[in-house]
Amino acid sequence: MFENLVSQNISKSIISDIKNNTFPRSVLYSGPVGSGKLTAALETARIFGCRAEKKGQWQCECSTCLQSKALTFNNIMLLGPRDCSLEISAAKKTFLQALSCNASYLNATRYLFLRSIRKLTLRFNPILWEGETNLSKIGNIIQGINENLEILDFPRELPEYENVSELCDSLEKDALKLEEDFLYDSIPVNQIRNLEDWARIKSDEGKKTIIIENADRMQNSVRNALLKILEEPPQDCVFILLTSKRNSIMQTILSRVRTYTFAERTSEQQKSVISRVYHNESFNGNINEYLLTFLPVSPEVIKKSAVEFCKKIALRQIPDCAEVIKECGNFSPRIELDIFLKEILIYLKKSFNLAIEKNELLNKSSMAFEFLHNLSAVLHTCRDNIMLYNQTPLSAFEILLRDISAVNIKYEGIMKICVNM
């Protein structure tokens, strides 16, 4: 069990509870980003669906284990926001490299790529999206993705390398469109209601597993709807909530789940994961840094653009929003937007601390803290305008420019002092 979960001792507790039949029907996997929580949740679901006499072995060939490893088992429901595009790009590169040299680990990389796509498409299960106006548009994209995945899926023989490469490029492009155009930043409440109806239908294939990723990013109405299910969970259904911010989970939900805490992996352990999963022996950073190397625009360029944007506003200049957006690749994928907005706050906080050390903010420290608080709210609004309300980056940035300028004027001199550090 959990052979595919690297460097996480918490797996021993999960295995023990499963073997002793003491694993609760509602749990929370909590830990840092990149600590293997989703891998563990999907593996837990596979074990519960396994039909072999000796349950849970990774090499098990029973029909449900094969479906679970390919992420096609009907008893698994996955929902919640996630940035999938970088993992898909990394998996594609690993798969094509293995195919080009017919590596001994080719099948493992084939699974890696198939699963990376399905970690996204599973979130668009028609059961969850029933009643949504976008269902037909989503269905057309999913159909195209599934047709291409079928060509690459087991037990088929793989086509020639050039054909596989073209298929992978097409899948990567369609997956990015699906994620950017339709994947929510916060779970719609209707999906929880649809989920409840599905969860209460008895399955002929054993336990159902519902995995909710980034459970801390739910609106109040969604939390309350979920709480209702957790109070009386269906007998043959297991809920696995995932979070990297346990303190942001509603206390009434925490009281109804058992928490399994995932540890931060050491640098050597992270390097081991990158080597084992992506077969890259030379990269020395952590998993998240490795995935960021697959961004169309490097994080360094995005961060530099954010600092320049900030400096111009502080000096009462007007940055060219269209040019900034173009320089950052139109913030596609959207994780580039998070990097940009976070860098503004990080840069000003560092400058603020330096200004305090040099006594440049005498008698203004409380005002400066208030300035940072207001700036954080403005940046959060910009993110919501794009992620939740589907504004174009240009429209959202014009509002951002206006709002930061207003904060700058209100706290006269604070921002200018900071950027001159």
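Hydrogens, waters and symmetry mates play no part in the numbers below; they use all other heavy atoms, side chains included.
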Side chain to side chain contact (heavy atoms under 4.5 Å, CB included) between Gln97 and Thr109, worked out:
CA-CA 9 Å; Gln97 283 182 339; Thr109 65; over 6 Å; no
Any donor-acceptor N/O pair, Thr259 side chain to Thr261 backbone, under 3.5 Å
no
Where is the tightest heavy-atom contact between Pro188 and Glu132, given as atom of each residue plus distance?
CB-OE2, 4.2 Å
Are more than 12 heavy atoms, taken from residues, nucleotides or ligands other than Tyr105, located less than 6.0 Å from that residue's OH atom?
yes
State, yes or no, whether a side-chain contact exists between Leu254 and Leu28 at a heavy-atom distance under 4.5 Å.
yes
Run Ser30 and Tyr260 through side chain to side chain contact (heavy atoms under 4.5 Å, CB included) and show every step you take.
CA-CA 6 Å; Ser30 174; Tyr260 294 89; over 6 Å; no
Flag if over 12 foreign heavy atoms under 6.0 Å of CD, Glu232
no
Can Glu150 and Arg156 be counted as an ion pair, charged N to O under 4.0 angstrom?
yes
Would you check if the side chain of Ser376 reaches a backbone N or O of His373 as a donor-acceptor pair within less than 3.5 Å?
no
Cationic N near anionic O, under 4.0 Å, Arg402 to Glu398
no
Under the salt bridge (Lys or Arg N to Asp or Glu O under 4.0 Å) rule, what do Arg258 and Asp17 come out as? Steps first, then yes or no, please.
CA-CA 11 Å; Arg258 179 185 299 171; Asp17 286 339; 3.1 Å; yes
Nearest non-hydrogen partners of Leu86 and Pro333, listed with the distance
CD2-CG, 4.4 Å
Asn286 side chain vs Glu289 backbone, donor-acceptor pair below 3.5 Å:
yes
Tightest non-hydrogen contact, residues Lys207 and Asn75, listed as O-ND2, 3.2 Å
Do other residues, nucleotides or ligands put more than 12 heavy atoms under 6.0 Å from the CD atom of Glu231?
yes
Are any of the side-chain heavy atoms of Glu179 and Ser85 separated by less than 4.5 Å?
yes
Would you say that Phe2 contacts Trp58 through its side chain, given a criterion of any heavy-atom pair below 4.5 Å between the two side chains?
no
Smallest heavy-atom separation, Pro126 atom then Leu135 atom, equals CA-CD1, 4.4 Å
Hey, mind stepping through Leu341 and Leu400 against side chain to side chain contact (heavy atoms under 4.5 Å, CB included) and telling me if it holds?
CA-CA 10 Å; Leu341 297 177; Leu400 177 66; 4.1 Å; yes
Over 12 foreign heavy atoms within 6.0 Å of NZ, Lys55
yes
Nearest non-hydrogen partners of Lys69 and Cys60, listed with the distance:
NZ-O, 3.5 Å
Would Gln67 and Thr72 count as a side chain to side chain donor-acceptor pair (under 3.5 Å) if you check the C-alpha gap in whole Å, the side-chain angles of each, and the deciding distance to 0.1 Å?
CA-CA 5 Å; Gln67 291 174 58; Thr72 58; 4.8 Å; no
I'd like to know if the side chain of Tyr184 and the backbone of Pro81 have a donor-acceptor N/O pair within less than 3.5 Å.
no
Kindly indicate whether the side chain of Leu114, heavy atoms from C-beta on, has any atom under 4.5 Å from the side chain of Leu152.
yes
With side chain to side chain contact (heavy atoms under 4.5 Å, CB included) as the criterion, how do Phe154 and Leu66 come out once you've worked through the C-alpha distance, each side chain's angles and the decisive distance to 0.1 Å?
CA-CA 9 Å; Phe154 296 92; Leu66 292 176; over 6 Å; no
Got a list of side-chain donor-acceptor pairs under 3.5 Å for residues 306-316, not counting sequence neighbours?
unit_1	atom_1	unit_2	atom_2	d
Arg316	NH2	Glu412	OE1	2.8
Arg316	NH2	Glu412	OE2	3.2

Using 4.0 Å as the upper bound for N to carboxylate O, is an ion pair formed by Asp153 and Arg118?
yes
For the pair Trp129 and Phe124, name the ring-plane relationship: parallel under 30°, tilted 30 to 60°, perpendicular over 60°.
parallel
Ignoring hydrogens and angles, state whether a donor on the side chain of Arg265 or Ser35 is under 3.5 Å from an acceptor on the partner side chain.
no
CD (Glu336) and OG (Ser305) are apart, to the nearest 0.5 Å, by 10.5 Å
Which donor-acceptor pairs under 3.5 Å do the side chains of residues 163-176 make with protein atoms, sequence neighbours left out?
unit_1	atom_1	unit_2	atom_2	d
Asp169	OD1	Lys92	NZ	2.8
Glu172	OE1	Lys92	NZ	2.7
Glu172	OE2	Ser89	OG	2.5

Sidechain-backbone polar pair: Asn280 side chain, Ser282 backbone, donor-acceptor under 3.5 Å:
yes
Flag, side chain of Asp216 to backbone of Thr243, donor-acceptor distance under 3.5 Å:
no
Phe340 side chain near Val324 side chain, heavy-atom distance below 4.5 Å
yes
Contact check, side chains of Pro32 and Ser244, non-hydrogen atoms, under 4.5 Å
no
Salt bridge (Lys or Arg N to Asp or Glu O under 4.0 Å) partners of Lys177, counting only residues at least two apart
Asp181
Salt bridge (Lys or Arg N to Asp or Glu O under 4.0 Å) with Asp236: which residues, sequence neighbours excluded?
Lys202
Backbone of Thr22 reached by a side-chain donor or acceptor of Asn20 within 3.5 Å
no
Checking Arg123, Lys37, Lys119 against Glu213 for salt bridge (Lys or Arg N to Asp or Glu O under 4.0 Å), the one that qualifies is Arg123
Does Asn134 use its side chain to pair, donor to acceptor, with the backbone of Lys137 at less than 3.5 Å?
no
Heavy-atom distance under 4.5 Å between the side chains of Asn374 and Tyr411, does that happen here?
yes
Would the distance check show the side chain of Arg334 and the main-chain N or O of Ile386 forming a donor-acceptor pair, the cut-off being under 3.5 Å?
no
Would you list the atom pairs, donor with acceptor, under 3.5 Å between side chains in residues 44-54 and any protein atom, with sequence neighbours excluded?
unit_1	atom_1	unit_2	atom_2	d
Thr44	OG1	Tyr29	OH	2.9
Thr44	OG1	Ala40	O	2.7
Arg46	NE	Glu43	OE1	2.9
Arg46	NE	Glu43	OE2	3.4
Arg46	NH1	Gln57	O	3.1
Arg46	NH2	Glu43	OE2	2.7
Arg46	NH2	Gly56	O	2.7

Do Asp185 and Arg383 meet the salt-bridge criterion of a basic N to acidic O distance under 4.0 Å?
yes
Side chains of residues 293-302: which donor-acceptor partners sit under 3.5 Å, not counting sequence neighbours?
unit_1	atom_1	unit_2	atom_2	d
Thr293	OG1	Tyr290	O	2.5
Ser298	OG	Val301	N	3.3

Verdict with reasoning, Ser395 to Thr392, per side chain to side chain donor-acceptor pair (under 3.5 Å)
CA-CA 5 Å; Ser395 297; Thr392 64; 3.0 Å; yes
Are more than 12 heavy atoms, taken from residues, nucleotides or ligands other than Ile409, located less than 6.0 Å from that residue's CD1 atom?
yes
Does the side chain of Tyr161 come within less than 4.5 Å of Leu96's, by heavy atoms?
yes
Would a line drawn from the ring center of Phe95 to the ring center of Tyr278 be shorter than 6.0 Å?
no
Testing the basics here: between Trp198 and Asn74, what is the closest heavy-atom pair and its distance to 0.1 Å?
CZ2-O, 3.5 Å
Within the distance-only criterion (no hydrogens, no angle test), does the side chain of Gln8 pair as donor or acceptor with the backbone N or O of Ala263 below 3.5 angstrom?
yes
